Trainee: 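The structure under discussion is supplied below as structure tokens; questions concerning it will follow.
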Amino acid sequence: MKWTSLNDLREQYLSFFEKKGHLRLNSFSLVPDNDKSLLLINSGMAPMKKYFTGEVIPPRNRVTTCQKCIRTPDLERVGYTARHGTYFEMLGNFSFGDYFKNEAIPWAWEFLTEELEIPKELLWPSVYEEDDEAYAIWRDVIGVPEERIVKLGKEDNFWEHGTGPCGPCSEIYFDRGEKYGCGSKDCKPGCDCDRYMEIWNNVFSQFNNMGDGTYTELEHKNIDTGMGLERLACVIQGVDNMFEVDTVRKILDKVCEISGKKYGTDKNVDISIRAITDHARASTFMISDGIIPSNEGRGYVLRRLIRRASRHGKLIGISRPFLQELILTVIEENKAGYPELYDKKELIKKVISNEEASFSKTIDQGLNILSELMKNGGTLSGEDAFKLYDTYGFPIDLTKDILSEKGMDVDEDGFNELMKIQREKARSSRKASDGES
Ligand code: SER
């Protein structure tokens, strides 16, 4: 395996699949186009659902992309572990009714073992337990010994994300070695420990999840593959987690430079450094795709990210606005794959610094109030959390974050109830001003 930068890996993958007859497309926007089931694009296939269902004719029936993705279910964990992040890139090769398992599996293997020269014995495929066809390809065509092909159930090897195209899948795991393992003699892909890292998912997309618990057969069989670029870079660069990958590490180092802190010396400081690094990446790409901080939907996700980053900056002693400086490094590290970031630099700087400034006006007051309230211990009331949100601009997850550092929690139901009332009031006053009854 040869050390390769994240930017070169992206290029290597896309040009490999171009040579296999795929059309290379730019990443789609993070903002879904006409898809109400998603707030933000969260996988390579998400912007292409209509090509899979046949509703829209794709520009070619073989396409390859590197897609910007955001996943937020673990937003509050980001920083606390080195495994969680919100922003990542997903490499994918897609077939819309063209090739199927017989090509997708051997190409995945060829890319990993010949192009990237990953030693074959470190790769473990998994297949859906009822998929004898994929199993046979791995065993008979590729020649993987049976003991290294793992059969897993629906939970692990049937891919679906909300409504739309889905199907059984075959994943490829990389063995990171015993030092990451749990020591159990049954440890293999599917185990909860860190030894086997899933790097590639080949979905044999043949069903449509209708969203009401039913599935229909798609008109044609498709391939939807997804490989996390940062994860692949971890393997190729021999590093532990995505924060150590070359381009991400440069951003992390910039956070250290701005704060004057050293990474890896203090557990709590590391949490903040990682959270800021991830959130600066996510915010930069969200703004470049036209998202503006607000109190709803995508805009609220962006607001949470910027405010969380800003607060973690304070925690590690950064007393001045710093995000607009940091995003210059994000742009620099990503401009090879996303040259548009460079053109939108001024806009991104402006949006991020406005949000940081408006938060910094109230953050100190809000923090003082919260620390007073925390002296009582226990659970923070919904009313107090709502006041922090409404008057001091504290997104609820920020309040939760601060409380959880002290082992406390918040009455979220009470908070949500007050949010609902506020939304209803806003709606009725809008209606009144529009003259509606
Ligand atoms: N859709 C699958 C995933 O996100 C493969 O691209 O893992």
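Along the sequence shown, residues are numbered consecutively beginning with 1. Just so you know, ligand 1 is whichever comes first in the structure, and atom 1 is the first atom listed for that ligand. What you see is a predicted model, and the numbers here were worked out from it, not measured in a lab.
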Trainee: Under a 3.5 Å threshold, yes or no: a donor from one side chain and an acceptor from the other, between Tyr215 and Gln206?
Mentor: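 Judged by distance alone, the side chains do not pair up.
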Trainee: Check the side chains of Ser5 and Asn7 for a donor-acceptor pair under 3.5 angstrom, ignoring hydrogens and angles.
Mentor: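 Distance-only check fails for Asn7 and Ser5.
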Trainee: Which of these passes side-chain hydrogen bond (donor to acceptor under 3.5 Å, both in side chains) with Tyr99: Asn61, Asn93, Asn222?
Mentor: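 Testing each of Asn61, Asn93, Asn222 against Tyr99, the sole residue satisfying side-chain hydrogen bond (donor to acceptor under 3.5 Å, both in side chains) is Asn93.
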Trainee: Counting from 1, what ligand 1 atoms have a heavy atom of Val203 closer than 4.0 Å?
Mentor: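 This gives 2 (C), 5 (C) as the contact atoms.
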Trainee: For Glu412 and Lys400: C-alpha separation, side-chain torsions, deciding distance, then whether salt bridge (charged side-chain N to carboxylate O under 4.0 Å, His left out) applies.
Mentor: CA-CA 9 Å; Glu412 242 182 305; Lys400 274 166 56 183; 3.3 Å; yes
Trainee: Would you indicate whether the side-chain heavy atoms of Arg10 and Leu14 approach each other to under 4.5 Å?
Mentor: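 Side chain of Leu14 against side chain of Arg10, heavy atoms only: contact under 4.5 Å found.
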Trainee: Which atoms of ligand 1 have any heavy atom of Arg71 under 4.0 Å away?
Mentor: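 This gives 4 (O) as the contact atoms.
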Trainee: Is any side-chain heavy atom of Lys20 closer than 4.5 Å to one of Thr64?
Mentor: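 Side-chain contact under 4.5 Å: no.
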Trainee: Out of all atoms in ligand 1, which are within 4.0 Å of some heavy atom of Ser43? Include the element for each.
Mentor: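 Those of ligand 1 that fall under 4.0 Å from Ser43 are 4 (O).
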Trainee: Does the N or O separation between Asn201 and ligand 1 drop below 3.5 Å for any pair?
Mentor: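 Looking only at distances, the answer is yes, because the N/O contact criterion of under 3.5 Å is met.
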Trainee: Taking the side chain as everything from C-beta on, heavy atoms only, tell me whether Ser27 gets closer than 4.5 Å to Glu340.
Mentor: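 No, side chains not in contact.
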Trainee: Between Tyr173 and Arg195, is there a side-chain donor-acceptor contact under 3.5 Å, judged purely by atom types and distance?
Mentor: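 Looking only at side-chain atoms, Tyr173 and Arg195 do not form any donor-acceptor pair under 3.5 Å.
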Trainee: Atoms of ligand 1 less than 4.0 Å from Met45 heavy atoms?
Mentor: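 Numbered from 1, ligand 1 contributes 1 (N).
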Trainee: Heavy atoms only, cut-off 4.0 Å: how does Thr225 contact ligand 1, side chain, backbone, both, or neither?
Mentor: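 Backbone only.
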Trainee: Check contact between Glu171 and ligand 1, using heavy atoms of the residue and a distance below 4.0 angstrom.
Mentor: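 Contact absent.
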Trainee: Suppose we measure from atom 6 (O) of ligand 1 to each protein heavy atom; which comes out shortest, and what is that distance?
Mentor: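 Result: Asp224 OD1, 2.6 Å.
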Trainee: Does ligand 1 have an atom that lies less than 4.0 angstrom from a heavy atom of Met227?
Mentor: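 It does not; every heavy atom stays at 4.0 Å or beyond.
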Trainee: Looking only at protein heavy atoms, which one is nearest to atom 3 (C) of ligand 1, and how far off is it?
Mentor: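 Checked against all protein heavy atoms, atom 3 (C) of ligand 1 sits closest to Trp159 NE1, 3.2 Å.
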Trainee: Near Gly226, which atoms of ligand 1 are under 4.0 Å from a heavy atom of that residue?
Mentor: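 Selected atoms, number and element: 5 (C), 6 (O).
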